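Keep in mind it's a predicted model, so treat the numbers as computed, not measured. Throughout, protein chains are lettered first and strands after them, A, B, ... in sequence-line order, and every chain is numbered starting at 1.
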There are 4 protein chains.
Amino acid sequence: MLGVAADVFAEQGYNATTVRKIADAAGMLAGSLYYHFDSKESMLDEILSTFLGELWAGYDAVLAAGLGPRETIEALVVESFREIDRHRAAVAIYQKESRYLSAQPRFAYLTESQQKFEKAWLGTLERGVAAGAFRADLDVRLTYRFVRDTVWVAASWYRPGGLHSPDEIARQYLSMVLDGIALGSAHP
Amino acid sequence: MLGVAADVFAEQGYNATTVRKIADAAGMLAGSLYYHFDSKESMLDEILSTFLGELWAGYDAVLAAGLGPRETIEALVVESFREIDRHRAAVAIYQKESRYLSAQPRFAYLTESQQKFEKAWLGTLERGVAAGAFRADLDVRLTYRFVRDTVWVAASWYRPGGLHSPDEIARQYLSMVLDGIALGSAHP
Amino acid sequence: MLGVAADVFAEQGYNATTVRKIADAAGMLAGSLYYHFDSKESMLDEILSTFLGELWAGYDAVLAAGLGPRETIEALVVESFREIDRHRAAVAIYQKESRYLSAQPRFAYLTESQQKFEKAWLGTLERGVAAGAFRADLDVRLTYRFVRDTVWVAASWYRPGGLHSPDEIARQYLSMVLDGIALGSAHP
Amino acid sequence: MLGVAADVFAEQGYNATTVRKIADAAGMLAGSLYYHFDSKESMLDEILSTFLGELWAGYDAVLAAGLGPRETIEALVVESFREIDRHRAAVAIYQKESRYLSAQPRFAYLTESQQKFEKAWLGTLERGVAAGAFRADLDVRLTYRFVRDTVWVAASWYRPGGLHSPDEIARQYLSMVLDGIALGSAHP
DNA sequence: CATGAATGAGAGTTCATTCAT
DNA sequence: GATGAATGAACTCTCATTCAT
């Protein structure tokens with residue numbers, strides 16, 4: 001039933017989603033939802049925290065593996081697309097609502113997660129620049145935002161079961177992000 | 001006053017924004033807004049259509065200039081970041097709300113604009129692949145989405161008057177998109 | 001300008017008429033009306049009191065003429081249709097709104113007028129029954145309402161300048177009220 | 001609950017009636033009404049269409065009975081007063097609001113009903129004139145309006161459970177309409 | 001005299017939530 | 001576990017009215 005709610009939230013936006021719509025999609029009446037959940041907000045909370053829990057399980061495993069910076073970035077991107085595949089709705093909700101939600105105490109964990117996230121990615125990029133794996137002529141914060149957005153916005157159009165598997169999409173994205181889309185360019 | 005409304009819509013989301021909040025931000029009472037606008041929706045309409053009007057003025061000029069595919073992409077990206085600079089709030093609103101809005105007849109122009117947009121970008125990318133300017137081993141639709149999202153999501157964090165000028169950001173984005181962030185990669 | 005307001009009130013109803021509609025019909029802006037009138041209610045007040053003033057001037061002349069009961073009824077009906085002709089809108093407003101207005105102190109004169117009205121008509125009918133001019137087998141209060149309504153409701157469809165003059169309509173109405181519409185009936 | 005709404009509409013007028021007044025009269029809060037009805041307008045719609053449905057059931061039975069013109073008129077009047085007795089509020093609402101409502105598509109059936117109504121009454125009167133039952137020296141359209149208004153305006157003052165039963169009122173009205181209120185008049 | 005802009009009370013309506021059944 | 005009915009706060013919007021210009 002959380003899955004149903006997540007789909008509706010993702011499609012219509014949290015605020016524009018009425019409890020009745022969720023109930024309709026779940027085949028019951030609006031009042032009946034309250035046997036299962038405390039509130040509309042608690043559904044959202046559970047959707048987001050479950051997603052972030054699984055995301056960090058994956059990320060932490062990658063970060064603990066002791067890979068080089070380029071390999072770490074690659075693994076994080078692959079992991080991210082797998083999460084998009086498994087939690088598409090949650091990711092879409094996160095993208096749309098997190099800024100406004102993170103102001104509320106109940107969703108403080110969104111801010112924490114975001115900071116941890118930034119530390120992991122930005123740190124890896126900086127490590128990669130120092131190690132000569134990534135270009136030094138780019139603003140690293142800009143690069144961070146570029147890579148981050150590039151990956152996660154995919155949730156807005158990705159549909160599971162489409163032509164490309166998550167791993168295939170990850171591979172193509174990585175190729176674009178790392179090597180660019182132009183032909184014959186080089187950074188000696 | 002449309003600027004005020006756009007800022008509030010961008011920050012809180014259209015649905016979560018009450019007319020009272022807009023009125024507060026504009027220094028008047030909620031009812032007073034209706035002397036200037038027919039409805040909350042008409043404010044949104046005017047914000048988005050004004051933005052799209054100016055966007056297409058710029059895009060059309062670029063597309064009519066007869067540039068090569070790579071130069072066209074470069075010019076479109078530069079133009080896009082300039083629009084983000086001038087219409088940051090409108091772009092953010094567009095990003096968040098357009099999917100759900102485009103279902104309504106009143107906002108049918110969003111769908112039209114999106115199709116024109118896709119045609120311009122996708123066409124240029126295909127032309128570039130054919131001309132040997134862009135890599136042929138990538139899915140061109142995936143590449144399109146990658147480039148498109150890469151550019152426009154910037155509106156979610158961009159603040160006018162920050163460290164980087166729009167043109168500087170465009171330059172860095174283009175460098176990443178075209179040549180990648182990795183050092184020493186080449187596509188001969 | 002009162003005439004304009006009266007027409008709009010008559011057509012749309014007092015409550016459904018906005019000040020703006022009156023102003024539109026008068027060729028000015030809503031706020032400008034307040035140079036001429038204190039309030040929407042005062043327009044209504046002036047319309048109704050002017051009409052009732054003229055009505056009673058006519059009625060009082062009839063009642064003071066010392067006519068017999070049948071001739072008095074005839075004269076009152078003729079006078080009424082002349083008032084409908086001259087104050088069609090006011091009569092229509094009166095018909096629709098008086099019950100609800102008469103509860104307000106400002107419009108107490110409506111109640112007074114109505115009582116005077118009832119006294120004049122009912123008294124004449126009773127006088128006529130006693131004098132053998134009118135049938136005694138009918139409930140006189142019912143008869144009063146019958147005659148009263150019969151006359152005044154005409155304001156709802158009457159349009160000045162139509163086929164029938166007010167006096168012609170009065171003549172036909174009187175013929176129906178006094179002698180009935182059936183052929184060959186008699187009350188010896 | 002429709003009955004409650006009808007009473008309030010009848011007494012105060014549709015526009016002057018707030019949903020809060022209806023809710024008060026029904027012993028609930030304004031918002032609660034919307035569990036039972038889509039809108040204030042849909043209450044009005046249901047009240048009027050229910051009334052017209054029953055009215056035409058009665059009228060159609062009369063018209064199908066194959067009576068002579070005078071008997072038809074008598075039966076229609078009797079039927080009308082019975083409807084006033086059963087749907088007093090609805091009739092009063094119809095009288096006050098129908099002209100303005102019939103302009104809206106939703107209430108187009110009011111216009112249709114009115115045309116059917118006119119056809120039934122006017123046709124019967126014309127038939128009666130041709131058959132020598134009614135006077136030929138009167139304008140038949142004027143007569144139609146006279147009879148029509150005479151009957152239905154009664155809803156504005158009629159109170160169920162009063163001194164006169166609907167059938168008694170109908171009898172007196174018919175006597176006045178058919179034979180007049182004057183004594184000794186004849187139409188040979 | 002008229003305008004344009006604002007006010008503020010109140011309208012119809014929506015919706016998350018509650019709760020007896 | 002689910003339903004139907006109700007709650008009450010909040011929302012968008014309307015409108016009579018005011019007033020500086």
Report summary line: Separation of E:dG10 atom P from C:Asn15 atom CG, nearest Å, is 15 Å

Report task. Assess whether atom CZ of A:Arg20 is packed by more than 12 heavy atoms of other residues, nucleotides or ligands within 6.0 Å. Result -> no

Query raised in the report: Is the Lys NZ or Arg CZ of C:Lys96 less than 6.0 Å from the centre of C:Phe9's six-membered ring, within 45° of the axis?
Result: no

Report summary line: Minimal heavy-atom distance between D:Glu41 and D:Phe107, with the atoms involved, is CG-CE1, 3.8 Å

Requested in this report: Using heavy atoms and a sub-4.0 Å distance, could you list which residues of residues 23-45 of chain D are near DNA chain E? By number, please.
Outcome: D:Gly31, D:Tyr34, D:Ser39, D:Lys40

Query - Derivation of the side-chain contact (heavy atoms from CB on, under 4.5 Å) call for A:Phe51 and A:Ile93 - result: CA-CA 11 Å; A:Phe51 156 60; A:Ile93 297 166; over 6 Å; no

Requested in this report: Establish whether the base of E:dG10 is bridged to the side chain of D:Arg20 by a donor-acceptor pair shorter than 3.5 Å.
Outcome: no

Query - Side chain to side chain, D:His87 and D:Tyr94, heavy atoms closer than 4.5 Å - result: no

Query - Residues D:Val8, D:Asp24; criterion side-chain contact (heavy atoms from CB on, under 4.5 Å); working and verdict - result: CA-CA 10 Å; D:Val8 186; D:Asp24 282 354; over 6 Å; no

Query raised in the report: Should the heavy atoms of other residues, nucleotides or ligands under 6.0 Å from CD of C:Glu11 be counted, would the total exceed 12?
Result: no

Report task. Using the C1' atoms only, state how far E:dC1 lies from F:dT21, rounded to an integer number of Å. Result -> 13 Å

Report task. May I have the step-by-step check of side-chain contact (heavy atoms from CB on, under 4.5 Å) for B:Asn15 and B:Tyr100, ending in yes or no? Result -> CA-CA 11 Å; B:Asn15 283 298; B:Tyr100 132 82; 3.6 Å; yes

Report task. For D:Lys21 and for A:Ala16, locate the closest nucleotide of DNA chain E by heavy-atom distance; then report the residue assigned to the nucleotide nearer the 5' terminus. Result -> D:Lys21

Report task. Hunt down any stem DNA chain E takes part in, defined as 3 or more consecutive Watson-Crick or G-U pairs whose two distances are each under 3.5 Å. Result -> E:2-21 with F:2-21

